[in-house]
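What follows is one structure encoded as structure tokens, with my remarks underneath.
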Amino acid sequence: MRGLSKSRNHFLVIVGIFIGVAVLCVVAYYGVYVPYVESHTTTNQRSRILMDTTVDIRVDARNSEELVNQAFAEIEGIEKSLSRYVDTSEVSKINAHAGQWVEVSQFTIDLVKEALRISELSDGAFDVTIGAVIELWGFGTGDYKVPSEEEIVQALKTVGYEKVEIDEAERKVRIPEGTILDLGGIAKGYAVDQASRLLRKSNAKRSIINAGGDISVIGRRPDDTPWRVGVQNPDNPADIRWILPLEDSSVVTSGDYQRYFVFNDQKWHHIIDPRTGYPARELKSVTVVTESATVADALSTAIFVLGMEAGSRLVEEMAGVEAIIVSQDGVWISPELEEQIL
Ligand code: AMP
Ligand code: MG
């Protein structure tokens, strides 16, 4: 009996010590470590022109200046690999050797696969083989013109995401001869995601990256409320029509006001319907909110082409995806987002 109560006392002492240590750890974490990190957090915010747009990055971290530099370097590296307007990029290599297998980095394979997944989900409304048609209209080069019907018919023959082949084991991609790959509808979102991932890995406390309307945030604002992201009125882009609360998520907008030229009193913009070869006309802007900026980017372009009915249906079918769709004569906001709008 005595032996038993002695070992019970020992047990209680050990439990007591254990609880004491745990309490000390918690007190040290919240009393010493958290204030230490807070007082050593600095903010750095800068803008640069990259990917043919203004990229704005704000980071709060102990080494915020270094992290902002690293985030810009990440975006710059991705642009060099994925832009078809950079001669040495992997996409340019794929295009220059259309008809042949071309070895590329794993991330190009991953991104092309993701692009094809969105093509399937959108029934071809999103199609990265649209390059020849984009070229015809002069988007990218700035040499704008309204092509002839015949030119459009010819260019459309080179479009078809089903014909893109991927050899995962050999890390190779092949597109048909004459086809031009254009990742312009998804690469900006991907670059924003990769920069965000780098910041997260480097323990950034909070950040906001805005690459010409492709936005991704980490954490909350310094006052512990969600970030607030403005969505432009497509009829007057200087006017912010909605404000969305955002926390560890992304928001991307595709709009007919973002890149266009005017000819014969008509606005000809850069989001092309792969079924017709002409700018998609039903919608004015599509804003997609979801965790991944890559998905948000591709989906906003896809929904812009799909139009109100099929576009809103796609949003409703996808878990974790919210959207604002503005058409020529109305607005649709997914129910969950409608409740959150400020
Ligand atoms: P975004 O601004 O993200 O909507 O993307 C527009 C860009 O994506 C254009 O400048 C083209 O480079 C490319 N693009 C245009 N139409 C399509 C389409 N239907 N599918 C995929 N990419 C497209
Ligand atoms: Mg897009």
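When a ligand or atom number is given, it counts from 1 through the structure's own listing order. Keep in mind the model is a prediction, meaning the values are calculated, not measured. Residue numbers count from 1 along this sequence.
Looking at Ser300 next to ligand 1, no N or O pair under 3.5 Å apart turns up. Checked by distance only, ligand 1 and Val305 stay at 3.5 Å or farther apart across all their nitrogen or oxygen atoms.
No side-chain donor from either of Asn236 and Arg241 sits under 3.5 Å from a side-chain acceptor of the other. For the residue pair Glu90 / Ser81, no side-chain donor-acceptor distance below 3.5 Å is found, with atom types taken as modelled.
Short contacts between ligand 1 and Ile134, defined as distances under 4.0 Å to a heavy atom of the residue, involve ligand atoms 11 (C), 15 (C). Below 4.0 Å from some heavy atom of Ala125 lie the following atoms of ligand 1, by number and element: 18 (C), 19 (N), 20 (N). In the vicinity of Asp182, heavy-atom distances shorter than 4.0 Å reach the ligand 1 atoms 11 (C), 12 (O). In summary, the atoms of ligand 1 found under 4.0 Å from a heavy atom of Ser254, numbered by their order in the structure, are 1 (P), 3 (O), 4 (O). Counting atoms of ligand 1 from 1 in the listed order, those under 4.0 Å from a heavy atom of Gly184 are 5 (O), 7 (C), 8 (O), 12 (O).
Side chains of Leu299 and Thr290 form no contact here, defined as non-hydrogen atoms less than 4.5 Å apart. Put simply, the side chain of Tyr85 does not reach to within 4.5 Å of the side chain of Asp52, judged on heavy atoms.
Put simply, CD on Gln70 and CG on Leu198 are 5.5 Å apart, with the number rounded to the nearest 0.5 Å. With values rounded to the nearest 0.5 angstrom, Met51 atom CE is found 10.5 Å from Glu76 atom CD.
Of all protein heavy atoms, the one lying nearest to atom 1 (P) of ligand 1 is Thr301 OG1, 3.3 Å. Annotation: atom 19 (N) of ligand 1 to nearest protein heavy atom, Ile272 O, 2.8 Å. Atom 15 (C) of ligand 1 has His270 O, 3.2 Å as its closest protein atom, hydrogens excluded (heavy atom only).
Here the shortest heavy-atom distance to atom 5 (O) of ligand 1, taken over Ala187, Gly124, Ala115, Gly185, belongs to Gly185. Taking each of Val286, Ile130, Leu183, Asp52 in turn, the one with a heavy atom nearest to atom 14 (N) of ligand 1 proves to be Ile130.
When heavy-atom distances to ligand 1 are checked against a 4.0 Å cut-off, Asp127 comes that close only through its backbone atoms N, CA, C and O.
Using a 4.0 Å heavy-atom cutoff, Pro274 is listed among the residues neighbouring ligand 1. At a 4.0 Å cut-off, not a single heavy atom of Phe139 sits close enough to ligand 1 to count as contact. Residue Gly255 places every heavy atom at 4.0 Å or more from ligand 1.
Put simply, the residue from Arg206, Arg200, Arg220 that forms a side chain to side chain donor-acceptor pair (under 3.5 Å) with Asp248 is Arg200. Here the rule is ring-ring contact (aromatic ring centres under 6.0 Å, His included) with Tyr144, and of Trp137, Phe139, Tyr260 only Phe139 fits it.
Using bins of under 30°, 30° to 60° and over 60° for the plane-to-plane angle, the ring pair Phe261/Trp268 lands in the parallel bin.
Vertex the Mg ion (ligand 2); arms to Gly185 atom O and Asp297 atom O; angle 90° (nearest 10°).
Among the atoms of Thr301, an N, O or S atom falls under 2.8 Å from the Mg ion (ligand 2).
Judged by the 6.0 Å distance and 45° axis criteria, Arg228 is not positioned over the aromatic ring of Trp242.
A 6.0 Å sphere centred on CD of Glu177 holds no more than 12 heavy atoms belonging to other residues, nucleotides or ligands.
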